[in-house]
S.K.: 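Take this structure, written in structure tokens, and hold onto it; I'll ask about it next.
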2 protein chains.
Amino acid sequence: MAKDVPVNAVKISLELVDLLRELDGAGVSEVAKRLDKPTSTIHDHLRTLEQQEYLVKEGDTYYVSTRFLQLGAHARSRQKVFKIARPEINELAQVTGEHANLMIEEHGVGVFLYRSRGPDAVRLDTHSGMRVPLQTTALGKSIMANRPREEVERILDRHGLEAVTDRSITDREELFDVLEEVRERGYSYDDEERVKGMRCVAAPILNEDDYAIAAVSVSGPKSRMREERFTEELPNQILKSANVIEVNLTYS
Amino acid sequence: MAKDVPVNAVKISLELVDLLRELDGAGVSEVAKRLDKPTSTIHDHLRTLEQQEYLVKEGDTYYVSTRFLQLGAHARSRQKVFKIARPEINELAQVTGEHANLMIEEHGVGVFLYRSRGPDAVRLDTHSGMRVPLQTTALGKSIMANRPREEVERILDRHGLEAVTDRSITDREELFDVLEEVRERGYSYDDEERVKGMRCVAAPILNEDDYAIAAVSVSGPKSRMREERFTEELPNQILKSANVIEVNLTYS
DNA sequence: ATCGACTTCCGGCCATAGCGGAAAGACATT
DNA sequence: AATGTCTTTCCGCTATGGCCGGAAGTCGAT
């Protein structure tokens with residue numbers, strides 16, 4: 001096994017924490033089985049993380065601690081686009097009645113920074129901090145469409161084009177064609193490419209150099225996302241919100 | 001130096017992350033100076049954390065990444081008291097106009113799980129995930145007052161009684177006297193013990209064994225927190241909310 | 001009582017974390 | 001341009017401590 005990271009012990013602990021999140025808590029032996037390491041090694045790591053207060057132990061089960069809440073809140077509030085976009089996203093959710101979202105790109109994946117539920121919003125699995133492949137959301141496509149092609153290539157080299165539903169885009173050239181359209185049109189669609197039955201409209205937030213730093217969207221059930229509402233009304237509302245955010249970003 | 005944790009490398013990385021949060025981003029040499037380690041060592045750790053996507057690098061500065069947002073959101077939603085209390089806290093903020101808060105204890109410190117700003121709420125530094133010494137808030141006192149004395153002793157042994165303002169309680173016996181009163185009265189006060197000019201009223205959330213699992217509070221400026229509102233109206237509203245939460249917790 | 005499945009502890013080996021030193025850049029200042 | 005002072009980054013050695021096998025506890029079930 002080639003040495004891939006400078007400090008392997010840290011890598012193990014981080015994988016361990018993320019596993020505990022996925023499993024929603026686990027004991028020593030279960031973690032050891034999943035990571036294919038001896039229980040004694042895992043035990044050492046769990047103890048360390050617990051002593052440093054990054055995990056909590058209840059009985060023989062370890063859980064992710066709220067220490068991460070503090071770090072996460074900091075990471076989010078550090079993004080100036082977050083605090084400027086938040087009121088606009090709330091507004092968007094209210095007037096459309098649906099979900100409204102804010103996404104940024106980080107390490108080549110899409111991160112939901114914030115979401116607001118409108119009065120008619122359906123139940124949905126998206127939550128703050130959720131990470132998804134960029135090409136599977138209208139948000140991600142709006143971002144990629146307004147980045148240099150070579151940067152998008154690098155992201156694809158790193159993450160590939162994993163399909164999430166049977167409608168996901170999986171061909172690289174097809175994706176670039178779509179991105180071209182999106183850039184010209186100014187906003188993007190997602191038609192059940194990530195979640196069955198859901199459609200989505202998104203627009204990018206651009207900086208002074210027309211480089212996408214984020215995207216905003218509205219998403220809802222297919223039944224309500226159609227005809228003029230889908231092709232005219234929602235795009236206009238979203239473009240207006242995106243524009244307000246862009247303006248507020250430059251003058252702040 | 002005695003070996004204090006099983007995996008020292010992990011400890012270094014975790015301290016590093018927390019330092020980056022405090023500093024709101026930093027370069028290699030600044031971190032190295034603060035942690036009193038060689039730059040080469042710090043460099044190894046920063047690279048590892050960045051490769052694992054727990055940090056982001058912008059130019060020569062490393063920042064905490066939104067990876068923590070996902071972990072934090074999980075850690076919070078894991079607490080059933082959070083999702084049950086949230087609507088009640090929002091309600092409390094609306095009817096009182098002030099800040100309303102939810103706190104739990106973790107590793108012997110108070111953690112703000114959620115807060116809601118009412119229409120008249122003043123600017124305040126509290127935020128989700130914030131960690132404070134228990135004895136410096138009405139919330140913390142409500143929790144400690146409804147825990148076995150030996151458990152409180154253990155917490156104090158570990159964390160001491162650090163003063164935050166000149167009104168903070170610093171004497172152990174004095175604290176236990178206060179806690180005794182709080183338990184009998186059913187709710188607790190904070191009169192500028194953490195933040196100058198702010199007062200706070202809190203009530204515990206108890207489980208079936210009368211063991212405090214959390215606390216709710218309302219906090220506001222001294223000028224509005226006085227006379228009957230402070231001694232009657234707010235305590236009653238908070239006790240009512242706490243009771244609703246307790247009931248919803250048992251039947252769910 | 002005996003088992004089984006877990007967590008925890010212990011002690012040793014050798015991979016590797018941590019470090020010093022040097023190289024490669026960045027950025028002023030002269 | 002050239003020099004000096006900051007960085008960050010790289011490289012390779014060495015002693016240490018991370019990792020592991022195995023044993024000892026712990027708990028519940030049968």
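Letters A, B, ... mirror the listed sequences (proteins, then strands); counts begin at 1. Predicted model only: the values in this text are computed from it and were never measured.
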S.K.: Enumerate the salt bridge (charged side-chain N to carboxylate O under 4.0 Å, His left out) contacts for residues 124-134 of chain A, please, sequence neighbours excluded, ordered by first and then second residue.
M.R.: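 Only A/Glu106-A/Arg131, A/Asp125-A/Arg194, A/Arg131-B/Glu53 qualify under salt bridge (charged side-chain N to carboxylate O under 4.0 Å, His left out).
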
S.K.: Can you list the residues that meet the salt bridge (Lys or Arg N to Asp or Glu O under 4.0 Å) rule with B/Lys83, with sequence neighbours excluded?
M.R.: none

S.K.: Can you list the residues that meet the side chain to side chain contact (heavy atoms under 4.5 Å, CB included) rule with B/Asp171, with sequence neighbours excluded?
M.R.: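 So B/Asp171 forms a side chain to side chain contact (heavy atoms under 4.5 Å, CB included) with B/Glu173, B/Glu174.
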
S.K.: Does anything in residues 45-56 of chain B come within less than 4.0 Å of DNA chain C? Heavy atoms only, and list the residues if so.
M.R.: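 Residues of residues 45-56 of chain B under 4.0 Å from DNA chain C: B/His45.
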
S.K.: Answer yes or no: is there a donor N or O on one side and an acceptor on the other, between the side chain of B/Gln79 and the main chain of B/Phe82, under 3.5 Å?
M.R.: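 A pair under 3.5 Å: no.
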
S.K.: Can you name the residues that form a salt bridge (Lys or Arg N to Asp or Glu O under 4.0 Å) with A/Glu58, not counting sequence neighbours?
M.R.: B/Arg78

S.K.: Hey, what bend do you get for the helix from C/dA1-D/dT30 to C/dT30-D/dA1 if you fit axes on five pairs at each end, rounded to 10°?
M.R.: 40°

S.K.: The criterion is side chain to side chain donor-acceptor pair (under 3.5 Å); which residues satisfy it with A/Asp157, sequence neighbours excluded?
M.R.: A/Arg172

S.K.: List the protein contact pattern of nucleotides 20-30 of chain D with one symbol per nucleotide (5' to 3'): B for base contact, S for sugar-phosphate-only contact, - for none; contact means a heavy-atom distance under 4.0 Å.
M.R.: BB---------

S.K.: Tabulate atom names and distances for all N/O pairs under 3.5 angstrom spanning the protein and nucleotides 13-16 of chain C.
M.R.:
none

S.K.: Show which side-chain atoms of residues 39-48 of chain A pair as donor or acceptor with protein atoms under 3.5 Å away, not counting sequence neighbours.
M.R.:
unit_1	atom_1	unit_2	atom_2	d
A/His45	ND1	A/Ser13	OG	2.7
A/Thr48	OG1	A/Asp44	O	2.8
A/Thr48	OG1	B/Val7	N	3.1

S.K.: Taking side chain to side chain contact (heavy atoms under 4.5 Å, CB included) as the test, write out the residues that go with B/Asn243, two or more places apart.
M.R.: B/Glu246, B/Val247

S.K.: What residues, two or more places apart in sequence or in another chain, satisfy salt bridge (Lys or Arg N to Asp or Glu O under 4.0 Å) together with A/Glu30?
M.R.: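 Checked A/Glu30 against salt bridge (Lys or Arg N to Asp or Glu O under 4.0 Å); matches are A/Arg34.
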
